[in-house]
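Beneath this line is the structure, given in structure tokens, with notes to follow.
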Amino acid sequence: MVDFVVYFFICNIFISGFICVLFLAKKAFKTKLSSQMQYHLSFALFVLLALPFIPFRIFDIFSWLNTLISTHSDYINPVANEITGPYLTGTSKQVNDFAVSISHKAPSIISYILCCLWFAGICMMIFIMERSLFQLRGIINSSLPLQNNEVRNLYYKCLRETGINLEIPIYSTAFLKSPVIVGFLKPRIYLPIHTISDYNAASMRFMLLHELQHFKHKDMIINYLINISGILYWFNPFVWYALKEMKCEREIACDSFVLQMLQETEYENYGNTLINFAEKISRENLFFSPFPFVTGIGGNMKQIKKRILNIANYRKESHRKKIQSHLACLLIIAVFLVLLPALPTYASGQERYDFHEENKDITYVDLSSEFNEYEGSFVLYDSDNDAWTIYNKEAALEQITPNSTYKIYDALLGLESGIITPEHSTMAWNGEDYPFDAWESDQDLSSAMHSSVNWYFQNIDNIAGMDNVKSYLHDIGYGNQQTSDDTDLYWTDFSLKISPIEQVELLKKFYHNTFGFSGNNVNAVKDAILLASTPDGSLSGKTGTGRVDGQDTNGWFIGYIEKSGHVYYFATNIQGSSNTTGSVATEISLSILSDMGLW
């Protein structure tokens with residue numbers, strides 16, 4: 001929960017920026033947008049405020065839609081139609097997948113303080129809301145059903161005018177200064193006694209039409225959403241300002257709906273009705289605090305001033321104006337939707353690879369049955385046909401800790417730095433106890449890669465130095481190219497990250513040695529990661545497992561297949577809470593490759 005609160009506060013930085021963008025867009029198109037459209041655009045705020053609480057990423061929805069659109073029931077091998085089993089055959093090596101657990105960093109004291117402050121603020125806001133509801137219940141209990149026949153008959157006439165078939169109960173009360181409508185499932189209208197005693201047919205009609213328009217456009221629901229948002233985001237001034245403006249836009253939109261029903265000669269009288277309420281509110285002190293769960297014709301002086309200006313400038317929309325308003329609204333929504341998915345991604349600290357899909361032959365497939373309970377992705381690139389096959393595009397773009405798959409490139413670093421050579425790559429075991437027996441012996445490049453021996457590659461990094469490691473990562477363009485200063489952990493401590501698509505692209509560069517390294521060094525690493533060889537071809541690859549607090553949570557298998565003169569590069573990543581290992585990723589990969597007739 002503490003982690004979520006930190007994530008939530010980070011989200012608020014992005015939310016504040018999005019609110020500014022939304023208001024700037026509305027201001028830029030102010031002359032094109034009707035008052036109703038201005039109000040309806042504000043609904044985007046609720047989508048924005050809900051994102052931190054959604055348990056899935058917006059990108060996952062798009063990925064699911066891609067799956068529905070793409071229908072690929074069978075795999076056709078571009079080389080041959082024969083199907084082979086998902087096993088390493090011929091001359092092969094067992095895939096060892098050893099990993100050392102790292103500890104998840106405990107939340108800091110600041111995180112706990114933020115968590116406590118947020119909950120304390122929520123409790124305070126709930127208390128204030130409950131107090132207002134208690135006062136409102138007192139007014140409701142003291143109110144009486146409307147007895148005035150003239151007002152009741154006028155009310156029925158207004159119902160017919162607005163096209164509302166439901167007869168909403170109407171009451172009178174002495175404890176309100178302006179009419180309000182309360183409730184969603186059981187709505188009720190409350191009229192102040194002074195408006196009944198000072199009965200004016202025109203003013204009463206305006207008031208009733210206004211409240212009925214609130215009901216017709218479901219503004220009571222918006223009221224609940226506004227108040228829930230105010231409770232959860234009590235600390236964010238941008239959200240509070242946006243909610244305040246939404247309330248004002250709601251009343252202006254409601255005024256416009258009423259004005260659409262009136263004759264132009266009645267506009268002035270409607271404005272005078274608002275001014276009359278403004279004068280009453282400014283002259284008298286309210287006995288009760290404002291009621292957050294009601295909507296009414298009244299409002300504070302600043303809101304009423306804006307509404308009067310809207311009435312004074314109001315003109316019924318022409319057909320051309322309506323089209324312009326809708327187009328401007330759609331444009332703003334389109335921009336908003338393009339930017340929106342970035343919020344949960346960046347706020348959660350997730351990094352994404354910018355994969356340019358233009359002019360690429362990409363097939364998106366559904367392999368969910370292969371992954372079972374695991375989240376993850378599969379990427380295959382056929383270099384000869386320049387064709388991609390991708391399962392779960394958004395997960396394939398997400399940069400993740402590489403774990404031991406990085407050792408392919410760490411071996412290259414050692415070879416290119418002269419720390420080891422293809423002919424002399426043996427390092428002596430220092431006699432320390434390690435969690436795996438295979439690590440407690442002298443190692444050469446082949447055995448160290450085969451058994452994923454951490455200390456062998458840590459020695460390479462310690463000798464090279466972190467400055468050289470960082471420079472090397474930049475030179476080969478490895479993932480996010482970010483590391484901690486710990487030579488023992490940087491490929492598994494969540495600092496260095498790479499996406500499955502980047503893994504495939506980097507494997508292609510490695511295979512063709514576009515790095516410009518020594519051919520002998522590249523071939524030495526190729527020999528070290530060779531897993532199986534058959535008369536039909538060979539399979540090379542490396543696993544990786546991320547173990548956090550004793551639980552395996554991240555599994556990798558990356559590599560390439562050489563078959564019939566073709567080279568196929570692949571990367572599989574799986575995510576889970578436990579038993580999520582490179583071995584499981586290997587099983588999934590081999591099953592998929594078998595179904596595709598590639599291995």
Side-chain angles (χ1 to χ4, degrees), residues 70 72-93 95 355-367 370 377-393 396 405 408-409 412 449 476 498-517 519-543 556-573 585-599:
S70 304
H72 303 275
S73 56
D74 299 306
Y75 296 104
I76 300 175
N77 180 6
V79 179
N81 291 325
E82 62 192 45
I83 304 298
T84 58
Y87 305 102
L88 301 181
T89 57
T91 305
S92 65
K93 299 178 183 177
V95 178
F355 182 55
H356 299 288
E357 300 179 65
E358 299 83 6
N359 302 318
K360 285 186 172 68
D361 179 6
I362 304 175
T363 301
Y364 294 103
V365 296
D366 180 8
L367 299 174
E370 298 281 358
S377 63
F378 173 81
V379 179
L380 178 79
Y381 177 66
D382 178 353
S383 61
D384 292 83
N385 294 311
D386 194 22
W388 294 80
T389 301
I390 298 175
Y391 162 64
N392 197 347
K393 169 189 166 185
T405 63
I408 294 173
Y409 304 97
L412 265 180
M449 192 72 73
I476 67 173
I498 190 169
S499 68
I501 289 178
E502 286 175 289
Q503 290 270 33
V504 168
E505 291 183 331
L506 207 59
L507 280 170
K508 181 184 176 184
K509 293 179 180 179
F510 160 73
Y511 185 86
H512 293 286
N513 191 18
T514 60
F515 305 131
F517 294 157
N520 288 337
N521 291 339
V522 172
N523 288 333
V525 179
K526 285 182 178 180
D527 292 340
I529 63 173
L530 177 64
L531 298 177
S533 181
T534 71
D536 292 330
S538 62
L539 170 69
S540 300
K542 183 72 184 78
T543 60
W556 281 102
F557 184 47
I558 68 170
Y560 54 86
I561 295 169
E562 298 169 285
K563 182 175 181 179
S564 302
H566 286 240
V567 183
Y568 303 89
Y569 306 89
F570 65 87
T572 301
N573 177 261
T586 301
E587 292 174 9
I588 293 172
S589 301
L590 294 177
S591 177
I592 295 170
L593 294 170
S594 172
D595 290 343
M596 299 177 79
L598 297 179
W599 186 255

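Heads up: numbering here begins at 1 and tracks the sequence.
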Ignoring hydrogens and geometry, is there a side-chain-to-backbone donor-acceptor pair from Thr405 to Lys542 under 3.5 Å?
no
So is Lys393 actually on top of Phe355's ring, under 6.0 Å and inside 45° of the axis?
no
Between Asp382 (side chain only) and Trp388 (backbone N and O only), is there a donor and an acceptor less than 3.5 Å apart?
no
Hey, does the side chain of Thr534 reach the backbone of Asp536 with a donor-acceptor pair shorter than 3.5 angstrom?
yes
About how many Å separate CD of Gln503 and CD1 of Ile498, when rounded to the nearest 0.5 Å?
4.0 Å
Flag the pair Ile390 / Val365 as yes when at least one side-chain heavy-atom distance between them is below 4.5 Å, and no otherwise.
no
So Asn385 and His566, do their side chains get closer than 4.5 Å, heavy atoms only?
yes
Nearest heavy-atom approach of Met596 to Leu380 is CE-CD2, 3.4 Å
Intermediate values then yes/no, side chain to side chain donor-acceptor pair (under 3.5 Å), Ser533 and Ser538
CA-CA 4 Å; Ser533 181; Ser538 62; 5.5 Å; no
Is there side-chain contact between Ser383 and Tyr568, with at least one heavy-atom pair below 4.5 Å?
no
Residue pair Thr543 / Thr586: nearest heavy atoms and the distance that separates them:
CG2-OG1, 3.2 Å
Would Asn523 and Asn520 count as having a side-chain donor-acceptor pair, cut-off 3.5 Å?
no
Checking Lys360 side chain against His356 main chain: does a donor-acceptor pair fall under 3.5 Å?
yes
Run the ring pair (Phe, Tyr, Trp, His ring centres under 6.0 Å) test against Phe515 and tell me which residues pass, sequence neighbours left out.
Phe517
Once rounded to the nearest 0.5 Å, what's the spacing between atom CD1 of Ile362 and atom CD1 of Ile501?
7.0 Å
Quick one: CD on Glu370 to CZ on Phe378, what's the gap to the nearest 0.5 Å?
9.5 Å
Where is the tightest heavy-atom contact between Pro500 and Val379, given as atom of each residue plus distance?
CB-CG2, 4.0 Å
Got Leu590 and Trp599 here, is their nearest side-chain heavy-atom distance under 4.5 Å?
yes
Given side chains that start at C-beta, do those of Phe510 and Val525 come closer than 4.5 Å, heavy atoms only?
yes
Could Lys508 and Tyr381 be counted as a cation-pi pair, given that NZ or CZ must be under 6.0 Å from the ring centre and within 45° of the axis?
no
Gap between atom NZ of Lys509 and atom CD of Glu502 - 0.5 Å precision
9.0 Å
Under the criterion side chain to side chain contact (heavy atoms under 4.5 Å, CB included), which of Ile558, Leu539, Leu598 is the partner of Phe570?
Leu539
Drop me the distance from Asp361's CG to Thr363's OG1, to the nearest 0.5 angstrom.
5.5 Å
If I compare all heavy atoms of Ser589 with all of Thr572, which pair ends up nearest, and what's the gap?
OG-OG1, 2.6 Å
Rounded to the nearest 0.5 Å, what separation is found between the CD1 atom of Ile529 and the OG atom of Ser540?
5.0 Å
Answer yes or no: is there a side-chain heavy-atom contact under 4.5 Å between Leu367 and Ile592?
yes
Using the ring centroid of each side chain, check whether Tyr560 and Tyr511 are separated by less than 6.0 Å.
yes
